[in-house]
Engineer: 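Handing you a structure now.
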Amino acid sequence: MKDIESIKYILNEQINGYSSLLEKLQKEKECLINLKVDEIEDLSKEKDIIILKLRLLEEERIRITERFKIENNIGYDLSLQILSEVTGDDFFYKARLKLISLCQGISELNEFNRILLDRSMNLIKNALNVLGVVGANMPLKNNSSLLSREV
């Protein structure tokens, strides 16, 4: 049962991590709306750290779950729902529901923030085009970064 307790601990940490990520995305949304560029950059770094931690937690959860399967001669994949049935512990079912809810919220906020960024970029491009049409020669500094939307 040591593995089960370890999995529960990791799931709690993942829930906390995803909650924190959702919180950062909500702050990012507010910063995008209020054009707080410095705060957006700081939030981006914080999100990267949270995501790295979540990846490590998931790798550890998978490792422990695999060990539990081997020790208990389970020949099929263990989802949280099945783990709840196998152990008789509804913690796993509740954790599954919470994780699904958090991931949906993260996905929605991430998409909303992407739309805000796209609209901002279009406004900037249009403003630069207008300035170019009226003859304002603005030298562009080449100290900016090229961002890709490819994953």
Side-chain angles (χ1 to χ4, degrees), residues 3-69 76-85 89-151:
D3 286 340
I4 294 299
E5 294 306 315
S6 296
I7 294 170
K8 284 182 175 181
Y9 174 80
I10 290 170
L11 286 170
N12 278 323
E13 290 297 309
Q14 286 180 307
I15 289 168
N16 292 336
Y18 282 113
S19 295
S20 180
L21 183 58
L22 184 63
E23 195 176 290
K24 300 295 180 200
L25 286 168
Q26 288 169 334
K27 287 181 184 177
E28 182 180 61
K29 175 184 167 185
E30 293 169 14
C31 290
L32 287 169
I33 290 170
N34 297 316
L35 300 174
K36 296 180 179 178
V37 178
D38 291 338
E39 289 182 38
I40 293 170
E41 189 174 327
D42 291 340
L43 285 169
S44 180
K45 292 174 186 173
E46 291 172 21
K47 289 187 315 180
D48 287 344
I49 291 168
I50 292 168
I51 290 168
L52 178 60
K53 180 181 175 184
L54 286 168
R55 277 192 193 132
L56 294 173
L57 286 168
E58 182 63 10
E59 289 172 7
E60 183 66 6
R61 186 187 67 79
I62 290 169
R63 188 184 66 74
I64 294 170
T65 301
E66 288 300 315
R67 185 174 65 209
F68 178 79
K69 282 174 47 178
Y76 48 87
D77 288 337
L78 285 178
S79 65
L80 292 179
Q81 187 169 354
I82 293 173
L83 199 52
S84 180
E85 293 167 6
D89 191 339
D90 68 339
F91 168 85
F92 297 105
Y93 183 74
K94 290 176 183 176
R96 176 183 175 271
L97 294 177
K98 182 69 175 170
L99 287 167
I100 289 171
S101 175
L102 286 168
C103 287
Q104 287 173 340
I106 288 168
S107 179
E108 290 169 7
L109 260 177
N110 205 31
E111 179 63 15
F112 185 84
N113 290 351
R114 186 193 62 77
I115 290 169
L116 283 177
L117 284 169
D118 285 347
R119 287 185 179 170
S120 296
M121 289 299 297
N122 285 332
L123 286 173
I124 291 169
K125 286 178 187 176
N126 289 337
L128 288 174
N129 286 338
V130 167
L131 289 173
V133 168
V134 296
N137 291 327
M138 297 176 48
L140 296 175
K141 293 182 181 178
N142 199 8
N143 62 355
S144 62
S145 299
L146 178 63
L147 300 177
S148 173
R149 289 179 23 186
E150 292 183 30
V151 177

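Just so you know, these numbers come straight off a predicted model, no measurement behind them.
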Engineer: Run E59 and L56 through side-chain contact (heavy atoms from CB on, under 4.5 Å) and show every step you take.
Structural biologist: CA-CA 5 Å; E59 289 172 7; L56 294 173; 4.1 Å; yes
Engineer: Taking the side chain as every heavy atom from C-beta outward, state whether E30 and E39 have any pair of such atoms under 4.5 Å apart.
Structural biologist: no
Engineer: Run the side-chain contact (heavy atoms from CB on, under 4.5 Å) test on L102 and S19 for me, step by step, so that the C-alpha distance in whole Å, both residues' side-chain angles and the decisive distance to 0.1 Å come before the verdict.
Structural biologist: CA-CA 7 Å; L102 286 168; S19 295; 3.7 Å; yes
Engineer: Could you tell me whether R114 and E111 have a side-chain N and a carboxylate O separated by less than 4.0 Å?
Structural biologist: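 Looking at R114 and E111, the cut-off is met.
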Engineer: State the NZ-OG distance between K94 and S84, to the nearest 0.5 angstrom.
Structural biologist: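 Separation between the atoms: 9.5 Å.
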Engineer: Please determine whether the number of non-hydrogen atoms from other residues, nucleotides or ligands lying under 6.0 Å from atom NZ of K8 exceeds 12.
Structural biologist: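 Count over threshold, so yes.
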Engineer: If you look at every heavy atom in L57 and Q14, which pair is closest and at what distance?
Structural biologist: CB-CG, 3.8 Å
Engineer: Show the nearest heavy-atom pair for residues L25 and N110, with the distance to one decimal.
Structural biologist: CD2-OD1, 3.9 Å
Engineer: Is there a donor-acceptor contact under 3.5 Å from the side chain of S107 to the main chain of C103?
Structural biologist: no
Engineer: For L83 and L78, which heavy atoms make the closest approach, and how far apart are they?
Structural biologist: CD1-CD1, 3.9 Å
Engineer: Just how far is it from atom CD1 of I40 to atom CG of L116, taken to the nearest 0.5 Å?
Structural biologist: 9.5 Å
Engineer: Using a 4.5 Å cut-off on heavy atoms from C-beta on, say whether the side chain of F92 contacts that of E85.
Structural biologist: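 When only atoms from C-beta onward are counted, F92 and E85 do not touch, as no gap falls below 4.5 Å.
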Engineer: Is any side-chain heavy atom of R67 closer than 4.5 Å to one of I64?
Structural biologist: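 When only atoms from C-beta onward are counted, R67 and I64 do touch, with a gap below 4.5 Å.
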Engineer: For residues 42-51, which side-chain N or O atoms pair as donor and acceptor with protein atoms under 3.5 Å away, sequence neighbours left out?
Structural biologist:
unit_1: E46; atom_1: OE1; unit_2: K24; atom_2: NZ; d: 2.8
unit_1: K47; atom_1: NZ; unit_2: E28; atom_2: OE1; d: 3.2
unit_1: K47; atom_1: NZ; unit_2: E28; atom_2: OE2; d: 2.7

Engineer: What distance separates D77 CG from I62 CD1, expressed to the nearest 0.5 Å?
Structural biologist: 10.0 Å
Engineer: Can we say E58 and R61 salt-bridge, meaning some charged N sits less than 4.0 Å from an Asp/Glu carboxylate O?
Structural biologist: yes
Engineer: How many angstroms lie between atom CD1 of I82 and atom CZ of R96, to the nearest 0.5 angstrom?
Structural biologist: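 Here the rounded value is 10.0 Å.
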Engineer: Mind checking side-chain hydrogen bond (donor to acceptor under 3.5 Å, both in side chains) for K29 and listing every partner two or more places apart, or none if nothing turns up?
Structural biologist: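 Scan of K29 (side-chain hydrogen bond (donor to acceptor under 3.5 Å, both in side chains), adjacent residues dropped) gives none.
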Engineer: Heavy atoms, side chains only, cut-off 4.5 Å: are E13 and L54 in contact?
Structural biologist: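 Side-chain contact under 4.5 Å: no.
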Engineer: As an exercise, state the distance from OG of S20 to NZ of K53, rounded to the nearest 0.5 Å.
Structural biologist: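 If we round to the nearest 0.5 Å, S20:OG and K53:NZ are 8.0 Å apart.
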Engineer: For the side chain of D89 and the backbone of F91, is there at least one donor-acceptor N/O pair under 3.5 Å apart?
Structural biologist: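 Yes; judged by distance alone, with no hydrogens or angles, the pair exists.
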Engineer: How far does CG of L21 sit from CG of L109, to the nearest 0.5 angstrom?
Structural biologist: 9.5 Å
Engineer: Is there side-chain contact between R63 and E66, with heavy atoms separated by less than 4.5 Å?
Structural biologist: no
Engineer: When you look at CG of N122, are more than 12 heavy atoms from neighbouring residues, nucleotides or ligands closer to it than 6.0 Å?
Structural biologist: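 Enclosed: over 12 neighbouring heavy atoms sit under 6.0 Å from CG of N122.
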Engineer: Is the shortest side-chain heavy-atom distance between T65 and D3 below 4.5 Å?
Structural biologist: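 No, too far: nothing below the 4.5 Å cut-off.
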Engineer: Going by heavy atoms in the side chains, are L80 and Y93 under 4.5 Å from each other?
Structural biologist: no
Engineer: Please determine whether the number of non-hydrogen atoms from other residues, nucleotides or ligands lying under 6.0 Å from atom NZ of K69 exceeds 12.
Structural biologist: yes
Engineer: Between N16 (side chain) and N12 (backbone), is there a donor-acceptor pair under 3.5 Å?
Structural biologist: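 Indeed, once roles are kept as given, a pair shorter than 3.5 Å links the two residues.
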Engineer: Counting only heavy atoms not in R119 (residues, nucleotides, ligands), do more than 12 fall under 6.0 Å from its CZ?
Structural biologist: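 Result for CZ/R119: open.
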